[in-house]
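Along the sequence shown, residues are numbered consecutively beginning with 1. Both backbone and side-chain heavy atoms feed into the values below; hydrogens, waters and symmetry mates do not.
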Amino acid sequence: MAGGGGRTAAAGGRPRCPPGALLALVAVVVAAGWVRAELKEEQSIDLIGKNEVYGDTRHEVNVYVKVFTNSPFLVCMDLALSQERIIDPNYLWIGPDGRDLQGQGYVNLTETGKLMVMGFRVSMSGAYLCTLSHKVIETSTQEETEIVEAYKFMVYAYREADHAYQVSVRFTTTRCRLKNNGLFVEKLNKILNSTISHLTCHITDSSYKCYSIRTPKNGLQYELFVNFLVNPLGPGWEEVCHRIPYDCEDVTNRRVRQAAERIGKFFHQLRDVLKNEFHAVPTIQYVENSFSMTPIDSCRPGFGKNHHTHQNCASCCVVCGPGTYSPNNEVMCRTCPSPGARIYGAKSCY
C-alpha cells in the first residue's frame, strides 16, 4: 500500500521514504488471472503485473478476489520499504479466524513475507493481519534497534454481476382495443425465444400497453409499447453450468450478451422486411428507431453492490459483510437487526 509517508528509521538510520517515492495501491481486484487496480499519483504500472498488493501502516487495504480464484500476493510491507534492504525480517500472518497462517494448506506463504490465498471462498473473506519485525543498525555505533510494523488487509470475495437486458420497442396498430395486439406480442415472444434458445436464454416479464398518440404530421395514431427482459437463465442453463468448474456467470453473461445482440439484429432486419417486402402496409408496424436495450444487473444470494463501501469494486457483487445479508437476487445487501448474521455471505440474519 502507501509508502512510509516520510517516516524515519531509528537514530542514525536514513529516511525510509525519499521525496517523490511511489505510492502504492488503494485497492485491487483479481479475477481469473488478471488484476484491476486503482492507482494513486505515481504508482508504477509494473507492480500490477507482478500481482502484488502492498500494505500501509496508516490504514487497512481493501482487496477484492473473485470466488474460486487465487488472491494476489499480499506483501507484508509498504512500497517504500520494499525498495530498501531489510535486516533480519520476520513475518507473522494471522487469518480472519485468528489463526497463524504458516503451514495452512490453502495459502502460499513465501519466505519474503508474501501471502497468496488460493481457491478463494466466501468464508475466507475478512481481515488478514501481518506483523513485520526487522532490525535497523546505527552505522557509526553498530547499535541494533528492533522495528515492528503492522499491516491490515481486508480481503473480500466477489462475483461478477448476473446480467440481463431490459428491452423496449414500439409498434403502430390500427386501434388499441384489438385482439390481434395481444396475439402479435405472443407471436413476437415465440419468435424471439426461438432466436435465442440455443444460447439457453429466454424472454421473461413480457408486457405491453397501447396508447393513443397525437403526432404533428400523422394526426392521431395508436402505438403498442412492448417491454420484456432477456434472461440468461433459460431452459438448459444448469446443464451448461455443470460443465463449468465452480462458477458460471462468465458463461451466462457472455451468452445473454450474444442473445441481446441477436435480438437487436432481429429488429433491425424487421424494419427492412416491413419496409421492402410488404406491398401492403401491415396492421401492426414497427416504429423505426424505437428499439432500446438497458443492461440490468443482479447479484447472487449472499452478495450485493455497495458503491460507498466498495468504491474500487463498484460494479462487483461483493460478499455481504457481517451484520448484512441478501436472501435473493437483489443488488444490495440488507442490514440485519442486531446482532444477526455475524458471517460473510449470509443469506439470512439467523
Participant: Sequence neighbours excluded and cut-off under 3.5 Å, please list the side-chain donor-acceptor pairs for residues 106-113, or say none.
Facilitator:
{"unit_1": "Thr110", "atom_1": "OG1", "unit_2": "Thr112", "atom_2": "N", "d": "3.3"}
{"unit_1": "Thr110", "atom_1": "OG1", "unit_2": "Thr112", "atom_2": "OG1", "d": "3.1"}
{"unit_1": "Thr110", "atom_1": "OG1", "unit_2": "Lys114", "atom_2": "N", "d": "3.1"}

Participant: Applying salt bridge (charged side-chain N to carboxylate O under 4.0 Å, His left out), can you list everything that pairs with Asp100, at least two apart in sequence or on another chain?
Facilitator: none

Participant: Would you list the pairs meeting ring-ring contact (aromatic ring centres under 6.0 Å, His included) in which at least one residue belongs to residues 79-104, sequence neighbours left out?
Facilitator: Trp93-Phe153

Participant: Taking disulfide (SG to SG under 2.5 Å) as the cut-off, I'd like each qualifying pair that reaches into residues 100-175, sequence neighbours left out, listed once.
Facilitator: Cys76-Cys130

Participant: Does Gln102, at its CD atom, have more than 12 non-hydrogen atoms belonging to other residues, nucleotides or ligands within less than 6.0 Å?
Facilitator: no

Participant: Could you list the donor-acceptor pairs under 3.5 angstrom formed by side chains in residues 223-234, with sequence neighbours left out?
Facilitator:
{"unit_1": "Glu223", "atom_1": "OE1", "unit_2": "Arg170", "atom_2": "NE", "d": "2.7"}
{"unit_1": "Glu223", "atom_1": "OE2", "unit_2": "Gln221", "atom_2": "NE2", "d": "3.0"}
{"unit_1": "Asn227", "atom_1": "OD1", "unit_2": "Ser168", "atom_2": "OG", "d": "2.6"}
{"unit_1": "Asn231", "atom_1": "OD1", "unit_2": "Leu233", "atom_2": "N", "d": "2.8"}

Participant: Just jot down the side chain to side chain contact (heavy atoms under 4.5 Å, CB included) partners of Lys135, sequence neighbours excluded, or say none.
Facilitator: Ile87, Asp88, Glu144, Glu146

Participant: For Glu143, enumerate each residue passing the side chain to side chain contact (heavy atoms under 4.5 Å, CB included) test, keeping only those at least two apart in sequence or located in another chain.
Facilitator: Glu138, Thr141

Participant: Linking directly or through intermediates, with side-chain heavy atoms under 4.5 Å: list the remaining ILVMFWY members grouped with Tyr325, chain and number order.
Facilitator: none

Participant: Suppose clustering is done on Ile, Leu, Val, Met, Phe, Trp and Tyr with side-chain heavy atoms closer than 4.5 Å. Which residues sit in the same group as Ile343?
Facilitator: none

Participant: Under 6.0 Å between the ring centres of Phe171 and Phe184?
Facilitator: yes

Participant: Could you list the cluster mates of Val287? Members are the ILVMFWY residues connected by side-chain heavy atoms closer than 4.5 Å, either directly or through other members.
Facilitator: none

Participant: Which label fits Tyr156 and Tyr344: parallel for a plane angle under 30°, tilted from 30 to 60°, or perpendicular past 60°?
Facilitator: perpendicular

Participant: Disulfide (SG to SG under 2.5 Å) with Cys320: which residues, sequence neighbours excluded?
Facilitator: Cys333

Participant: Mind checking side chain to side chain contact (heavy atoms under 4.5 Å, CB included) for Lys152 and listing every partner two or more places apart, or none if nothing turns up?
Facilitator: Glu60, Ala127, Leu129, Met154

